[in-house]
Amino acid sequence: MNIKAYLQNWADTYKEELVTNIMPFWLKHGLDKVNGGVYTCLNRDGSLMDSTKSVWFQGRFGFIAAFAYNNIKKNPEWLEASKSCCDFIINHCTDTDGRMFFEVTAGGTPLRKRRYLFSESFAAIAMSEYSIASGNKSYALKALKIFKLMVKYLDTPGLLEPKYLPSLKSISHSITMILINTASRIRAAIDDDSLDEQIEKSLKALHLFMHPEFKALLEMVGPEGEFIDTCNGRIINPGHCIETSWFIMEEAKHCKWDADLMVMALQIFDWSFEWGWDKEYGGIINFRDCRNLPSQDYSQDMKFWWPQTETIIASLYAYLATKDEKYLEIHKKISDWTFAHFPDKEYGEWYGYLHRDGTVAQPAKGNIFKGPFHIPRMLIKGYMLCNEILNNQ
């Protein structure tokens with residue numbers, strides 16, 4: 001492999017896909033020019049199927065538009081879109097207790113609120129990234145305030161309704177890993193000791209989810225890392241674990257390539273790719289059971305968009321850190337498969353949901369959970385990582 005030519009080709013591909021396909025699609029079809037914010041429930045051709053707004057995606061697209069502005073191109077439309085999403089969150093998505101809703105109407109009337117803190121985490125990274133893009137420090141201060149509220153709710157017993165009754169004591173991989181990324185993105189905009197403290201706390205906690213006897217990072221364990229031998233306790237979500245691995249690599253890089261963090265990150269990535277890669281059809285599968293028992297999730301053997309994009313990012317990070325060409329080989333496998341199956345050549349953007357064999361399960365471009373986040377984040381990070389590797393050669 002001509003590594004230089006290979007990486008240059010992918011860097012060019014990532015930027016082209018972002019600038020000419022993904023961002024124009026969402027700016028044209030998703031951006032709400034009347035009420036502010038973004039719609040995500042779009043059909044294959046971009047037509048609106050449902051005007052319900054995902055609060056997750058007000059934050060997610062607010063982040064992406066600013067992240068693209070900061071790292072790809074100083075496009076004023078992107079900056080304006082980010083501000084629109086951030087301001088929609090501030091004006092319409094926050095409850096009286098400071099917590100955020102999960103779904104609102106087009107105009108911002110609350111529809112649903114959940115016990116999880118992901119709406120808050122995505123709002124925080126949007127505001128911190130917009131602060132960097134715009135130079136308006138007030139948005140970074142808002143992001144930090146949201147983050148501290150999240151920590152308060154997580155650390156104060158009784159404030160958040162538990163997922164399970166007291167008879168099942170457990171901790172979740174999801175919130176543990178997301179706090180690493182949330183804190184690191186805010187840290188890029190504003191300094192505060194609480195950010196590094198939370199990252200260190202989350203990194204330490206991740207060890208509890210790593211079970212070498214299964215060569216797996218599990219989604220749910222007991223408070224001290226105990227194995228819970230149930231269908232839910234045995235779940236491996238390969239895409240989620242691979243996303244975690246590059247969050248750790250990013251923090252390792254921030255810490256001058258901390259060796260212990262890299263060992264943990266690469267272990268998680270290697271384990272999770274082995275569990276996730278479908279040796280028959282290609283692509284990363286949704287769920288596995290760590291005892292190789294049948295997974296109870298109905299979508300267990302499907303290929304969703306986001307595990308593929310997270311694997312692309314993680315493989316590039318792993319190669320940047322190690323120069324081990326096995327990670328470029330993984331990058332080639334996952335990139336070739338992803339770009340062969342997900343992009344919609346006729347209407348633009350990407351499909352989100354494929355059957356195991358790679359055929360399209362349903363053609364919509366978005367819903368409450370799929371929208372402009374994982375794909376454009378991969379394109380931006382992929383472009384940046386390819387160029388960083390090329391510049392280091």
Side-chain angles (χ1 to χ4, degrees), residues 1-23 64 67-68 70-73 238-239 241-254 257 262-263 265-285 303-345 348-351 354 358 373-393:
M1 178 192 293
N2 182 329
I3 294 174
K4 184 176 180 180
Y6 175 82
L7 291 169
Q8 188 61 61
N9 176 67
W10 275 113
D12 294 343
T13 299
Y14 294 142
K15 184 175 181 179
E16 179 77 7
E17 184 70 2
L18 180 81
V19 172
T20 67
N21 181 14
I22 302 301
M23 292 300 287
I64 285 296
F67 194 51
N70 288 332
N71 294 287
I72 302 295
K73 182 182 178 183
C241 301
I242 289 168
E243 184 178 19
T244 293
S245 77
W246 78 255
F247 287 176
I248 301 170
M249 289 186 231
E250 191 162 72
E251 186 60 23
K253 182 187 173 198
H254 177 78
W257 292 114
M262 281 308 305
V263 168
L266 293 173
Q267 185 70 90
I268 292 171
F269 182 52
D270 292 345
W271 283 351
S272 305
F273 186 78
E274 182 63 27
W275 277 107
W277 181 255
D278 186 337
K279 295 177 177 62
E280 183 176 355
Y281 291 104
I284 300 293
I285 206 164
K303 308 288 168 59
F304 284 11
W305 76 105
W306 65 267
Q308 326 307 320
T309 61
E310 301 312 298
T311 306
I312 290 171
I313 297 172
S315 59
L316 286 172
Y317 252 123
Y319 180 71
L320 172 66
T322 67
K323 299 299 184 288
D324 187 337
E325 290 190 26
K326 84 171 185 179
Y327 293 114
L328 275 191
E329 292 167 7
I330 290 174
H331 178 265
K332 186 176 189 312
K333 285 169 70 172
I334 188 61
S335 297
D336 289 349
W337 195 90
T338 299
F339 276 78
H341 291 87
F342 281 95
D344 182 349
K345 301 294 195 297
E349 234 277 343
W350 290 20
Y351 302 114
L354 308 184
F373 182 62
H374 289 95
I375 295 165
R377 184 173 70 171
M378 177 274 291
L379 297 171
I380 299 165
K381 291 293 293 183
Y383 173 80
M384 294 168 67
L385 287 164
C386 284
N387 279 304
E388 187 170 358
I389 296 166
L390 286 167
N391 291 334
N392 287 346
Q393 284 188 331

query: For Q8 and D12, does a side-chain donor sit closer than 3.5 Å to a side-chain acceptor?
result: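 Checked: Q8/D12 side chains pair up, N/O donor to acceptor below 3.5 Å.
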
Could you check if a side-chain atom of [X] sits within less than 4.5 angstrom of a side-chain atom of [Y], using non-hydrogen atoms only?
{"X": "Y281", "Y": "H341", "result": "no"}
{"X": "L18", "Y": "Y383", "result": "no"}
{"X": "L379", "Y": "K15", "result": "no"}
{"X": "L7", "Y": "L316", "result": "yes"}
{"X": "Y14", "Y": "M378", "result": "yes"}
{"X": "L385", "Y": "W246", "result": "no"}

What distance do [X] atom [atom1] and [Y] atom [atom2] have between them, rounded to the nearest 0.5 Å?
{"X": "I248", "Y": "E251", "atom1": "CD1", "atom2": "CD", "value": "10.0 Å"}
{"X": "E250", "Y": "S245", "atom1": "CD", "atom2": "OG", "value": "11.5 Å"}
{"X": "H331", "Y": "Y319", "atom1": "NE2", "atom2": "OH", "value": "12.0 Å"}
{"X": "D278", "Y": "I285", "atom1": "CG", "atom2": "CD1", "value": "5.0 Å"}
{"X": "I64", "Y": "I380", "atom1": "CD1", "atom2": "CD1", "value": "4.5 Å"}
{"X": "I375", "Y": "E349", "atom1": "CD1", "atom2": "CD", "value": "4.5 Å"}

Identify the heavy atoms of [X] and [Y] that sit nearest to each other, and give their distance.
{"X": "S315", "Y": "I312", "answer": "OG-O, 2.9 Å"}
{"X": "G239", "Y": "P307", "answer": "CA-CB, 3.7 Å"}
{"X": "A321", "Y": "M262", "answer": "CB-CE, 3.4 Å"}
{"X": "M249", "Y": "A265", "answer": "CG-CB, 3.5 Å"}
{"X": "E17", "Y": "P343", "answer": "OE2-CB, 4.5 Å"}
{"X": "C386", "Y": "W10", "answer": "SG-CB, 4.1 Å"}

- prompt: Above 12 or not: heavy atoms from other molecules or residues under 6.0 Å from NZ of K323?
  reply: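 Enclosed.
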
- prompt: More than 12 foreign heavy atoms under 6.0 Å from NZ of K381: is that the case here?
  reply: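 Yes, the 6.0 Å shell around NZ holds more than 12 heavy atoms from other groups.
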
Between [X] and [Y] (side chain of the first, backbone of the second, donor and acceptor by atom type, cut-off under 3.5 Å), is there such a pair?
{"X": "K253", "Y": "Y317", "answer": "no"}
{"X": "T338", "Y": "S335", "answer": "no"}
{"X": "Y6", "Y": "K332", "answer": "yes"}
{"X": "Q308", "Y": "I284", "answer": "yes"}
{"X": "N71", "Y": "F67", "answer": "yes"}

- request: Pick out which of W305, F339, F304 makes a ring pair (Phe, Tyr, Trp, His ring centres under 6.0 Å) with W350.
  value: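 Of W305, F339, F304, ring pair (Phe, Tyr, Trp, His ring centres under 6.0 Å) with W350 is met by F339 alone.
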
- prompt: Is it true that R377 and E310 make a salt bridge, defined as a side-chain N closer than 4.0 Å to a carboxylate O?
  reply: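 E310 and R377: salt-bridged.
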
task: Test L320 against W257 for side chain to side chain contact (heavy atoms under 4.5 Å, CB included), laying out the working first.
output: CA-CA 10 Å; L320 172 66; W257 292 114; 3.9 Å; yes

- prompt: Does F269 have its ring centroid less than 6.0 Å away from the ring centroid of Y327?
  reply: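 Close enough - the centres of the two rings lie under 6.0 Å apart.
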
